[in-house]
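One structure is given here, and the rest of the page talks about it.
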Amino acid sequence: MRKQTAMRRKIVAANWKMNGSTELVHDLVGKLRSGLGALDNAAEVVIMPPAVYIGAVQDTLADAQVAVGLQNVARFSSGAYTGEIAASMAADVGCRYALVGHSERRQLFGESDDVVAEKAALVLEEGLTLILCVGETLEERERGDAEKVVCSQVAAGLARVAAGHTESLVIAYEPVWAIGTGQTATTEDAQAMHGAIRRKLEELDFPAEEISLLYGGSVKPDNAAALFSQPDIDGGLVGGASLSADDFLEICRAAGL
Ligand code: PGA
């Protein structure tokens, strides 16, 4: 096991995507609150619901040690951008995290590396912890380009970020072909890519050993422990399984090993 500093920590983040309702918030978050209380978990737990439910999630969590985050932020600070939510607003309502560059944003909403870089910089400027998502498509993997694509997304996404901001920087490796498909990267492939990301961070002059790297893409209770025990995998970004209290709690438990 490599040396871990105070900044590098185990994190399990729930990405609800565009799922949920007031009823689900009360039921799911209520169960998580009591389940996590009993867990004495060493990992940091983050819930990222659709933005309109952030207040309800916070109210239901009450004093539970769980952070809340936004799934996406605007690339602008404020103004006439109908429908957008600024990073500063997330910070204002008590969010501690924001996700940037998820493959669904890149693929379905046309977010380029430049847009991702602008958003990443704004998130850090507002004092939020940035989870920068990167990942290759199946075609890119089959071509043998996975590492090249992922490392170039890391470099591009951090292009406007100063190396001094690393305390609030987390990177999530999510192979696009593994998201929502039930197909997980093997622990060996996932570890290899996390190692490559850490080497890239080093090359970019970021203190690579201090940055938490998460794996995402069909993380489930039955594969979480094996993934999280890899030397360069510091936790997970969980989509589908985060909508089940039992599954998510099991995954959090796996991160506390
Ligand atoms: P999944 O999603 O766990 O449903 O594969 C992960 C993600 O997209 O963050």
Side-chain angles (χ1 to χ4, degrees), residues 10-20 24 28 32 43-51 53-54 57 66-73 90 95-111 116 119-120 123 128-138 140-141 146 149-150 153-154 157 169-187 189-190 193-194 197 212-228 230 233-255:
K10 289 272 194 231
I11 299 171
V12 181
N15 174 14
W16 288 9
K17 310 193 179 187
M18 201 174 74
N19 294 297
L24 180 113
L28 178 57
L32 293 179
E44 177 146 291
V45 178
V46 187
I47 297 179
M48 293 179 288
Y53 296 121
I54 282 173
V57 168
V66 175
V68 176
L70 204 62
Q71 297 172 13
N72 174 42
V73 299
C95 286
R96 285 182 32 221
Y97 280 76
L99 206 62
V100 168
H102 190 281
S103 65
E104 286 150 18
R105 302 291 322 167
R106 293 179 191 258
Q107 295 197 324
L108 303 173
F109 301 94
E111 286 190 9
V116 170
K119 292 183 173 192
V123 165
L128 297 164
T129 294
L130 166 68
I131 303 182
L132 172 67
C133 301
V134 295
E136 82 286 357
T137 62
L138 186 57
E140 288 161 343
R141 174 158 286 266
V149 167
V150 167
Q153 286 175 350
V154 169
L169 172 60
V170 174
I171 294 182
Y173 167 57
E174 299 201 302
V176 177
W177 47 271
I179 294 176
T181 59
Q183 225 185 320
T184 320
T186 63
T187 47
D189 283 350
M193 189 62 85
H194 283 73
I197 293 172
S212 299
L213 305 184
L214 313 184
Y215 171 81
S218 297
V219 175
K220 306 280 179 224
D222 61 0
N223 59 27
L227 286 162
F228 300 166
Q230 297 301 305
I233 302 182
D234 303 308
L237 178 55
V238 188
S242 73
L243 296 167
S244 150
D246 288 346
D247 286 358
F248 190 65
L249 284 167
E250 200 56 43
I251 293 167
C252 291
R253 197 170 293 128

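Side chains are part of it too, since the values below use all heavy atoms of this structure and drop only hydrogens, waters and symmetry mates. Atoms within each ligand, like the ligands themselves, are counted from 1 in listed order.
Per-residue contacts place Gly180 under 4.0 angstrom from the following atoms of ligand 1 (heavy atoms of the residue considered): 1 (P), 4 (O), 5 (O). Those atoms of ligand 1 with a heavy atom of Ala178 less than 4.0 angstrom away are 5 (O). The Lys17 neighbourhood of ligand 1 comprises atoms 2 (O), 7 (C), 8 (O), with distances under 4.0 Å to a heavy atom of that residue. Atoms of ligand 1 found under 4.0 Å from any heavy atom of Gly217 (numbered from 1 in listed order, with element): 5 (O).
Closest to atom 7 (C) of ligand 1, if we only count protein heavy atoms, is Glu174 OE2, 3.0 Å. Considering only non-hydrogen protein atoms, atom 3 (O) of ligand 1 sits nearest to Gly239 N, 2.8 Å.
Checking side-chain atoms of Gln153 against main-chain N and O of Gly135 turns up a donor-acceptor pair under 3.5 Å. Without hydrogens or angle criteria, Asp189 side chain to Thr186 main chain gives no donor-acceptor distance under 3.5 Å.
At least one N or O atom of Gly240, backbone or side chain, sits closer than 3.5 Å to an N or O atom of ligand 1. The shortest N or O to N or O distance between Thr181 and ligand 1 is not below 3.5 Å. By the 3.5 Å distance cut-off applied to N or O atoms, Val238 is not counted among the residues near ligand 1. Checking only distances, His102 does come within under 3.5 Å of ligand 1, N or O to N or O.
Within the 4.5 Å cutoff, the side chain of Val219 has no heavy atoms near those of the Leu237 side chain. Residues Lys220 and Leu227 have side chains not in contact (no heavy-atom distance under 4.5 Å, counting atoms from C-beta outward). Side chains of His102 and Asn72 form no contact here, defined as non-hydrogen atoms less than 4.5 Å apart.
At a 4.0 Å cut-off, not a single heavy atom of Gly216 sits close enough to ligand 1 to count as contact. Look at Ala241 and you'll find every heavy atom at least 4.0 Å from all atoms of ligand 1.
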Go through the steps for Val134 and Arg106 under the test side chain to side chain contact (heavy atoms under 4.5 Å, CB included), then give the verdict. CA-CA 10 Å; Val134 295; Arg106 293 179 191 258; 4.2 Å; yes

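In Ile179, the parts holding a heavy atom less than 4.0 Å from any atom of ligand 1 are both the side chain and the backbone.
Ring-plane geometry between His194 and Tyr215 is classed as tilted, the angle between the planes lying from 30 to 60 degrees on a 0 to 90 degree scale.
Judged as a ring-ring contact (aromatic ring centres under 6.0 Å, His included), and not counting sequence neighbours, Phe248 has no contacts. Scanning for side chain to side chain donor-acceptor pair (under 3.5 Å) contacts around Glu111 gives Arg105, Lys119, with sequence neighbours left out.
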